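Heads up, the thing below is written out as C-alpha cells.
Note that the coordinates shown come from a computational prediction; the quantities given were computed from them, not determined experimentally.
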Amino acid sequence: MRDFDLTPVWRSTIGFDRLFDLIDDSFRLQGQDNYPPYNIARVGEDHYRISLALAGFKPEEITVTAEQNMLTVEGRKVENGDHEYLFQGISGRPFRRQFNLADYVEVTGASLENGLLQIELMRKLPEAMKPRRIAIDAGAGNDHQQIEHSQAA
C-alpha cells in the first residue's frame with residue numbers, strides 16, 4: 001500500500017516518467033520474495049557489481065538478459081531425480097530477479113564462481129554527454145580594439 005500520492009509531481013514535471021515509475025514500482029515490490037539473496041556494490045567510479053548467491057546452480061541453469069534499462073536474471077534447476085532428500089535446506093527453486101538500470105549502464109560480463117553469480121556493470125557516457133571545457137575566444141574583442149586604433153590614426 002502506498003503512503004503518498006505522486007499526482008502533484010506528475011502535474012508539474014515533464015520527462016521524469018521513468019523516475020516516477022521506479023518509485024511506484026518500489027512500493028509495489030515491497031513484500032515480494034527476496035530469493036536469491038544479492039549484493040550490489042560500487043567497485044569503481046562507474047563500475048558496479050551485482051552478486052547473487054546461487055549455490056547449487058550450474059551456468060546452463062541461469063539466464064542473464066539485458067534489455068534497454070532492465071537486467072533480468074532467471075534460474076531453474078534441473079532435477080535429475082536420482083535421489084530422495086531427507087532434508088533439503090539449500091534452496092534450488094526457480095527464480096526471476098529484475099534490476100532497473102540507469103541510462104548508459106551496460107552489462108559488461110557475468111561469471112559464476114563458488115556459488116556466486118557476479119554480474120559486472122559499467123556506466124559508459126557517450127562523448128556528447130561528457131563534460132567538456134569550452135574555449136573562450138578573445139579574438140573578437142581584440143579586433144574591435146584594432147578598428148578603434150586605426151580610426152584614431
Side-chain angles (χ1 to χ4, degrees), residues 1-140:
M1 177 185 274
R2 187 169 24 183
D3 294 326
F4 61 93
D5 186 15
L6 293 174
T7 303
V9 181
W10 278 105
R11 275 185 277 179
S12 60
T13 59
I14 298 170
F16 294 95
D17 306 0
R18 187 162 184 275
L19 175 66
F20 297 140
D21 289 343
L22 288 171
I23 293 170
D24 202 37
D25 287 346
S26 70
F27 288 113
R28 250 186 289 136
L29 295 176
Q30 290 180 353
Q32 282 196 345
D33 188 16
N34 289 326
Y35 180 77
Y38 64 94
N39 293 332
I40 301 174
R42 174 183 276 184
V43 293
E45 185 175 340
D46 292 323
H47 186 197
Y48 303 90
R49 180 179 298 134
I50 299 173
S51 303
L52 289 101
L54 298 177
F57 280 84
K58 299 174 185 170
E60 59 269 13
E61 297 170 332
I62 303 167
T63 304
V64 178
T65 307
E67 293 177 45
Q68 185 173 357
N69 289 89
M70 182 70 66
L71 172 66
T72 304
V73 182
E74 297 176 277
R76 179 173 301 275
K77 282 198 67 62
V78 177
E79 292 295 328
N80 53 13
D82 63 349
H83 55 275
E84 177 183 345
Y85 286 106
L86 300 177
F87 174 78
Q88 185 176 9
I90 300 172
S91 180
R93 64 181 186 247
F95 69 89
R96 178 184 169 100
R97 169 114 7 229
Q98 291 187 311
F99 300 92
N100 291 303
L101 303 178
D103 292 337
Y104 312 114
V105 173
E106 298 177 12
V107 177
T108 58
S111 62
L112 183 66
E113 295 179 34
N114 299 324
L116 286 177
L117 176 66
Q118 307 275 355
I119 302 171
E120 305 295 328
L121 303 129
M122 181 74 78
R123 181 182 4 218
K124 295 180 179 177
L125 284 177
E127 287 298 321
M129 299 291 291
K130 291 183 179 176
R132 58 189 165 103
R133 187 178 187 116
I134 307 300
I136 299 171
D137 186 16

Suppose we screen for salt bridge (Lys or Arg N to Asp or Glu O under 4.0 Å). Which residues come up paired with [X], at least two apart in sequence or across chains?
| X | result |
| --- | --- |
| Arg11 | none |
| Lys124 | Glu106 |
| Glu127 | Lys130 |
| Arg76 | none |

Taking CG in Asn114 as the centre, count heavy atoms belonging to other residues, nucleotides or ligands within less than 6.0 Å. Is the count above 12? no
Step through the shown structure and confirm whether more than 12 heavy atoms of other residues, nucleotides or ligands are within 6.0 Å of CZ on Phe16. no
Which heavy atom in Val107 sits nearest to a heavy atom in Ala66, and how many Å separate them? CG2-CB, 3.8 Å
Taking all non-hydrogen atoms of both residues, which atom of Ala53 and which atom of Pro36 are closest, and how far apart? O-CB, 3.5 Å
Working for side chain to side chain contact (heavy atoms under 4.5 Å, CB included), residues Arg49 and Ile119: CA-CA 6 Å; Arg49 180 179 298 134; Ile119 302 171; over 6 Å; no
What pairs meet the ring-ring contact (aromatic ring centres under 6.0 Å, His included) rule with one or both residues in residues 55-93, with sequence neighbours excluded? Phe57-Phe95, His83-Tyr85
Pairs where residues 103-137 contributes a residue and the test ring-ring contact (aromatic ring centres under 6.0 Å, His included) is met, not counting sequence neighbours: none
Could you list the donor-acceptor pairs under 3.5 angstrom formed by side chains in residues 37-48, with sequence neighbours left out?
from	atom 1	to	atom 2	distance (Å)
Arg42	NH2	Tyr48	OH	3.0
Asp46	OD1	Arg123	NE	3.3
His47	NE2	Glu120	OE1	2.8
Tyr48	OH	Arg123	NH2	2.7

Please list, chain by chain and in numerical order, all residues satisfying side chain to side chain donor-acceptor pair (under 3.5 Å) with Arg132, sequence neighbours excluded. none
Can you list the residues that meet the side chain to side chain donor-acceptor pair (under 3.5 Å) rule with Arg133, with sequence neighbours excluded? none
Could you work out, with side-chain contact (heavy atoms from CB on, under 4.5 Å) as the rule, every residue matching Asn69, not counting sequence neighbours? Arg18, Asp103
For Ser12, the side-chain contact (heavy atoms from CB on, under 4.5 Å) test, sequence neighbours excluded, returns none
Pairs meeting criterion salt bridge (charged side-chain N to carboxylate O under 4.0 Å, His left out) with involvement of residues 56-71, two or more places apart: Glu61-Lys77
4.5 Å side-chain heavy-atom contact, [X] and [Y]:
| X | Y | answer |
| --- | --- | --- |
| Val105 | Leu71 | no |
| Ile62 | Leu52 | no |
| Thr13 | Phe20 | yes |

Between atom CG of Leu121 and atom CZ of Phe99, what is the distance when rounded to the nearest 0.5 Å? 9.0 Å
With side-chain hydrogen bond (donor to acceptor under 3.5 Å, both in side chains) as the test, pick out the partner of Glu74 among Arg97, Gln98, Arg96. Arg96
